[in-house]
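Everything quoted here is computed from the prediction, not taken from an experiment. Computed from heavy atoms alone, side chains included, the values below leave out hydrogens, waters and symmetry copies. By convention in this document, chain letters (A, B, ...) are assigned in the order of the sequence lines, proteins followed by strands, and residues within each chain are numbered from 1.
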Number of protein chains: 2
Amino acid sequence: MSIASLAKALNLSISTVSRALNNYDDVAPETRRRVLAKAKALNYRPNAAARQLVSGSTRAVAVTLPAVETGEEFIDWMYSGLLAGVSAALDGSGYYLLATSAGGRGIDREMALYRNLIEANSADALLIVRTLVDDPRVKLAQEAGIPFVTYGRTQTDLPYSWIDTDNEGAFALAAHRQLGFGHRRIALLNGPSAYYFAQLRRRGYDKALTAAGVALDPALVVEGNLSIQSGYSLTMELLNQKSPPTAFLCAVDNMAFGAIAACRQRGLVVGRDVSIMGYSNSPMASFCDPTLTTIEHKVFENGRHVGEGLLRLLGGEAPGQLGYLEPVHLVPRASDGPLVTS
Amino acid sequence: MSIASLAKALNLSISTVSRALNNYDDVAPETRRRVLAKAKALNYRPNAAARQLVSGSTRAVAVTLPAVETGEEFIDWMYSGLLAGVSAALDGSGYYLLATSAGGRGIDREMALYRNLIEANSADALLIVRTLVDDPRVKLAQEAGIPFVTYGRTQTDLPYSWIDTDNEGAFALAAHRQLGFGHRRIALLNGPSAYYFAQLRRRGYDKALTAAGVALDPALVVEGNLSIQSGYSLTMELLNQKSPPTAFLCAVDNMAFGAIAACRQRGLVVGRDVSIMGYSNSPMASFCDPTLTTIEHKVFENGRHVGEGLLRLLGGEAPGQLGYLEPVHLVPRASDGPLVTS
DNA sequence: TTGAAAGCGCTAACAC
DNA sequence: GTGTTAGCGCTTTCAA
């Protein structure tokens, strides 16, 4: 069913049909009615490729997903929620989300995917998630002149549109809470420092400790790949130190679950002998034992904001107009508490 | 950079360039060399829309994701792994995965998405996941004549290509294990019965119990939405029965985590007072307390098989040639054990 | 071995 | 208010 056959069935020219279909106002109301009715009856749907070729627009927002952890997951829980939000915001706009996975093969693979997408004209805009401190994807998009929104900030001189959560504030808050409980040896189980969010978290943590007059101990800041397993291993190593930490701030809930498992195995009662905090407030956090004190990270809502930003850009807004720091808040539960002094 | 400007730069005709680029054999070797070199130098990339328009093929495999649980997740852990596998199999084939979310708005929304995709010619093949007993998506794809692979089986008279895990075998195995432990009141926390996988699991469960001479008690078979929360609520309700179950077979690990939380809250020691089993062997299963006895479900590998099936179909294989039941196997851990008789 | 030309389905000038 | 026409960038006959 092409527009040509539709036109023939209506005894109209192709252009009149096209105009009626695309809501131009120089079409007789009666004609428009007839066209719309016939299109529905004949189940006409414009060919995406043809429209794309002539308009230059694909109506697609492309995102490649890092899956840094294992290479065996398309995306993880957080991105799952984020994309649901983006998808929800895009819904009804005529734009859709084109998701491809870099399959854990790193930033080079991601760059290749984006480059293809851009050069083959397969997307109108890009979504860049989990930004690096110095992110080549951002540079690529800027050079190509394709609209993009980042989830997470990066270092660049040019204006760009971003949404981020208050990573620095979140970890200052977390550290502050543990300091208030009397903890002085507070570990930070961070993500890889190549990611900007990890640097920001570290900064928040550093600031809170420094403000409280607690000396920074580099041995207490470790990096892992955000998996349960890494949380477990890192905690085990930290507990082996001569003077182990009494509090553990984890970059994601998953790492906290690993930390809990490690402490349990060591015979430590989490929430009493040691304090553990997560970040994200994933569904499991309220069902594990002990329930996990964490920082609520509204991924779905964040995604919705990202989607709205994308739409603004696509609507012609200049990059750099958008820069929104999502607030985070504490969800106190049972996995942390006052330092017990023996 | 269009093929026209490439041709001009080479002083060749468009068609010769096209042939050289597409590996036709009626091109002089020297000409091909020149074209390829120039294309690389000029960073030429064929326009996807144009190629699509003329060839009729988009090189896209579309999948819409149900996110039935909450509507707030693009996909869940299982699909995350499955798609990673599909994506891996497709990698290098020239086909890519186009994922859109139905945003938890049910099968009607999914049907609308697929219908659009088909009618606008936006995909060469479809991937249909989490099949219903009587699945309208399968009928739609069959009527449209578009190649598709289902992950999960369905009821249809026509041949189709599917990959499924051995749901029936898995739950027969699980029930058999609990029967062996002496349990007689074994609950099944199933998924919604509209899904074929839920029916198959029920069948496996029924068969195992019947074979052991244990009467089926409908009160022990309940349905939930596969979330942690639903596992928790259903278990609470089951424990409130006059004669509560001593073993709980859960449709997914998440439900099992909810079940563990519920039992803990009731003061029951999981693995001693009650037996709990999950399904999927998610990362958390080996880190929770007690560690979860579950059924390994190799989602990534399954996804790879699905992707390979898709490629076979796209390569011209007739539907119905593919029908593969993935084996599953038990991962015994600490959450289940012999019935304690007081 | 290469080039000219038609046409995929659509939009948007431009004429009437 | 409607029709004619020229492309968008590519593949693929058909001639040369």
Side-chain angles (χ1 to χ4, degrees), chain A residues 1-39 42-60 94 116-124 144 146, chain B residues 1-39 42-60 94 116-124 144 146:
Chain A
M1 177 81 305
S2 71
I3 198 172
S5 32
L6 219 200
K8 188 164 299 171
L10 284 158
N11 248 318
L12 283 173
S13 74
I14 290 183
S15 49
T16 302
V17 173
S18 173
R19 275 187 298 246
L21 254 21
N22 291 289
N23 276 318
Y24 278 58
D25 46 8
D26 57 351
V27 182
E30 169 59 11
T31 307
R32 168 181 332 307
R33 206 198 44 70
R34 278 182 59 219
V35 171
L36 261 28
K38 199 69 168 183
L42 262 44
N43 212 10
Y44 169 77
R45 200 90 32 163
N47 178 297
R51 174 175 275 181
Q52 194 172 321
L53 181 57
V54 65
S55 70
S57 147
T58 63
R59 314 247 74 185
N116 266 325
L117 251 14
I118 292 171
E119 284 162 359
N121 240 297
S122 299
D124 288 0
I146 188 171
Chain B
M1 179 81 301
S2 70
I3 199 172
S5 32
L6 219 201
K8 189 164 297 170
L10 284 157
N11 249 319
L12 283 173
S13 72
I14 291 181
S15 47
T16 301
V17 174
S18 172
R19 276 187 297 248
L21 255 19
N22 292 288
N23 278 317
Y24 278 58
D25 47 7
D26 56 352
V27 181
E30 169 59 10
T31 307
R32 159 170 296 110
R33 206 198 45 72
R34 279 183 58 220
V35 171
L36 261 27
K38 199 69 166 183
L42 264 41
N43 210 10
Y44 168 77
R45 200 89 32 160
N47 178 297
R51 175 173 274 179
Q52 195 171 320
L53 182 58
V54 64
S55 71
S57 146
T58 64
R59 315 245 76 183
N116 267 325
L117 251 15
I118 294 173
E119 284 162 1
N121 239 298
S122 299
D124 287 0
I146 187 170

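- Comparing atom distances between the B/Y44 side chain and each of C/dC10, D/dC10, C/dT1 picks out D/dC10 as nearest.
- Using a 4.0 Å cut-off, no side-chain N or O of B/T31 falls inside it from OP1 or OP2 of C/dT1.
- Distance, B/R51 CZ to D/dC8 C1': 16 Å, rounded to whole Å.
- Remark on DNA chain D: of its neighbouring residues B/S15 and B/L53, the 5'-side contact belongs to B/L53, judged by nearest-heavy-atom nucleotide.
- Taking atom CG on A/N22 and atom C1' on C/dC10, their separation rounds to 9 Å, with Å as the unit.
- In this structure, CG of A/D25 is placed 13 Å from P of C/dA12, rounded to the nearest angstrom.
- Proximity of B/S18 to the phosphate of D/dT11: a side-chain N or O atom is located under 4.0 Å from OP1 or OP2.
- Candidate nucleotides C/dA13, C/dG9, D/dT12 were compared by shortest atom distance to the side chain of A/S2, and C/dG9 ranks first.
- A/R34 CZ to A/N11 CG: the interatomic distance, rounded to the nearest 0.5 Å, is 7.5 Å.
- Nearest nucleotide to the side chain of B/T16, out of C/dC14, C/dT2, D/dC10: C/dT2.
- Atom C1' of nucleotide D/dG3 and atom CG of A/L10 are separated by 15 Å, given to the nearest angstrom.
- Atom-to-atom, CD of A/Q52 to P of C/dC8 comes out at 18 Å; the value is rounded to the nearest Å.
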> Where do A/S15 and A/S18 land on the side chain to side chain donor-acceptor pair (under 3.5 Å) test, with the steps shown first?
Replying inline: CA-CA 5 Å; A/S15 49; A/S18 173; over 6 Å; no
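- Close to D/dT2, at under 4.0 Å from its OP1 or OP2, lies no side-chain N or O of A/R19.
- Taking atom CE of B/M1 as the reference point, atom C1' of D/dG9 lies 12 Å away to the nearest angstrom.
- Nearer to the 5' terminus of DNA chain C, by closest-nucleotide assignment, is the contact made by B/D26 (compared with the other of A/I14 and B/D26).
- For the pair A/R32 (side chain) and A/Y24 (backbone), a donor-acceptor distance under 3.5 Å is present.
- Summarising the geometry, atom CD1 belonging to A/I146 is positioned 10.5 Å from atom CD belonging to A/E119; distances are rounded to the nearest 0.5 Å.
- Rounded to whole Å, atom P of C/dC10 lies 13 Å from atom NZ of A/K8.
- In this structure, B/V54 reaches the bases: a heavy-atom distance under 4.0 Å links it to at least one base atom across the strands shown.
- Distance, A/I3 CD1 to C/dG7 P: 19 Å, rounded to whole Å.
- Contact annotation: B/Y24 side-chain N/O to D/dT11 OP1/OP2 distance is not under 4.0 Å.
- Mapping A/N47 and B/A28 onto DNA chain C via the closest heavy atom, the residue that lands nearer the 5' end is B/A28.
- Rounding to the nearest 0.5 angstrom, the gap separating the OH atom in A/Y44 from the OG atom in A/S2 is 7.5 Å.
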